[in-house]
Amino acid sequence: MKKSSSRRLPYSDIDLSRWKDYQHILTDSLWLLKSRKRTDGHQLDYHGNFIPQIAEQIMLRYTKTDDIVVDWFLGSGTSAIEAVNLNRRLVGVELKADLVEYVRQKLPLEVIGSRVRLIQDDSTSESARQRVENALREMGSEFAQLAILHPPYTDIIKFSDSDADLSNCPDTCSYLQKFAAVAKNAYETLEPGRFAVLVIGDKYADGELDPLGFKCMQKMQDQGFRLKSIIVKNIEGNEIAKGKSNNLWRYRALANGFYVFKHEYVMIFFKR
Ligand SMILES: C[S@@+](CC[C@H](N)C(=O)[O-])C[C@H]1O[C@@H](n2cnc3c(N)ncnc32)[C@H](O)[C@@H]1O
């Protein structure tokens, strides 16, 4: 009998010679995820966090064991928890000092400062880029092997009072300028031949849809990122129970001729 030898991609632990064994890894562009994973250290403790399955799917697909992921909008640290669970390393940047402290306390003590580095800074800034580069160097790598960007969806959720916070931009134009600065930092710190993921939704205001997802996608492409995939993901698992407001939105939709958002995007980019 012929013995199959392992066949691995340069950016993943997936063995293509056993490709039928990876049923848990999604390859379709429509993600209808039933519910939020609440095991292995995850909880719905931060309004605006993404569901752990996003980090899990992306890391399994686009990183190898011990690779370093940089999350430029760390929030409550979903990606950091998942990186620890999957034996990846992570550098996380977050503007809110109290949140950075909260994430530090959620993670196992032994990974802090070694396999996980937390940086409190403004991700649009030169200083954040330099601090990420320093962290990567101290972890023995010139570049990150995966970048994650899950910015505020403009002001849909206001995260803080800081002017540096993307959720406090007065309009979409200034928001996109700030987002472009983060995309630049992400591009410059990412290893060539590796991937970046943008998690983003659109916005509806003043009777009009603002396609924020596609505008941010364009900013990523302007930096040099090549678009690989646009995944449409349902947002049901993101939401805290909101039966009454669901009905209200349904009424508003019927009355005003629009459709209620039930999806967001997970966009995959590649750096040549
Ligand atoms: C959508 S949340 C990210 C949630 C995260 N993926 C999680 O699962 O918890 C966006 C985060 O970006 C942070 N943020 C906003 N502006 C920022 C900036 N200029 N630099 C760094 N972080 C920023 C907010 O404080 C917020 O925690």
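Heavy-atom basis, side chains included; hydrogens, waters and symmetry copies ignored. Order of listing sets the numbers, starting from 1, for every ligand and every atom in it.
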Colleague: Can you find a side-chain donor-acceptor pair between Y265 and D202 that sits under 3.5 Å?
Modeller: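 There is such a pair between these side chains.
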Colleague: Under a 4.0 Å threshold between the charged nitrogen and the carboxylate oxygen, would D155 count as salt-bridged to K203?
Modeller: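 Result for this pair is yes, salt bridge flagged.
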Colleague: Is a side-chain donor-acceptor pair under 3.5 Å present for R137 with N134?
Modeller: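 On atom types as modelled, these side chains qualify, holding a pair under 3.5 Å.
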Colleague: Just jot down the ligand 1 atoms closer than 4.0 angstrom to any heavy atom of L166, in number order.
Modeller: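 So the atoms of ligand 1 that pass are 15 (C), 16 (N), 19 (N).
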Colleague: State the atoms of ligand 1, each with its element, that fall below the 4.0 Å cut-off from a heavy-atom position in N49.
Modeller: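 In order of numbering, the contacting atoms are 4 (C), 7 (C), 8 (O), 9 (O).
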Colleague: Who gets closest to atom 17 (C) of ligand 1 by heavy atom: L95, D71, D98?
Modeller: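 Closest candidate by heavy-atom distance is L95.
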Colleague: Check each atom of ligand 1 against the heavy atoms of L99 and keep those under 4.0 Å away; list them by number with element.
Modeller: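 Contacts of ligand 1 toward L99, numbered from 1: 27 (O).
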Colleague: D67 and side chain to side chain donor-acceptor pair (under 3.5 Å): which partner among R194, R89, R88?
Modeller: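 With D67 as partner, side chain to side chain donor-acceptor pair (under 3.5 Å) holds for just one option, R194.
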Colleague: Within ligand 1, which atoms have a heavy atom of D122 less than 4.0 Å away?
Modeller: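 Heavy-atom distances to D122 below 4.0 Å select 18 (C), 19 (N), 20 (N).
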Colleague: What residue among F195, Y62, F269 forms side-chain contact (heavy atoms from CB on, under 4.5 Å) with K228?
Modeller: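 It is F195, the one option of F195, Y62, F269 that forms the side-chain contact (heavy atoms from CB on, under 4.5 Å) with K228.
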Colleague: Between the side chains of N185 and S123, is a donor N or O closer than 3.5 angstrom to an acceptor N or O?
Modeller: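 There is no such pair (donor and acceptor under 3.5 Å, judged by atom type) between the side chains of N185 and S123.
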Colleague: Would you please determine whether I148 falls within less than 4.0 Å of ligand 1 on a heavy-atom basis?
Modeller: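 It does not, in that no heavy atom of I148 comes within the 4.0 Å cut-off of ligand 1.
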Colleague: Report the member of Y153, F73, F159 with the shortest heavy-atom distance to atom 2 (S) of ligand 1.
Modeller: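 Among Y153, F73, F159, the closest heavy atom to atom 2 (S) of ligand 1 belongs to F159.
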Colleague: Could you tell me, atom by atom, which parts of ligand 1 come under 4.0 Å of a heavy atom of S123?
Modeller: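 Those qualifying, in numeric order: 18 (C), 19 (N), 20 (N), 21 (C).
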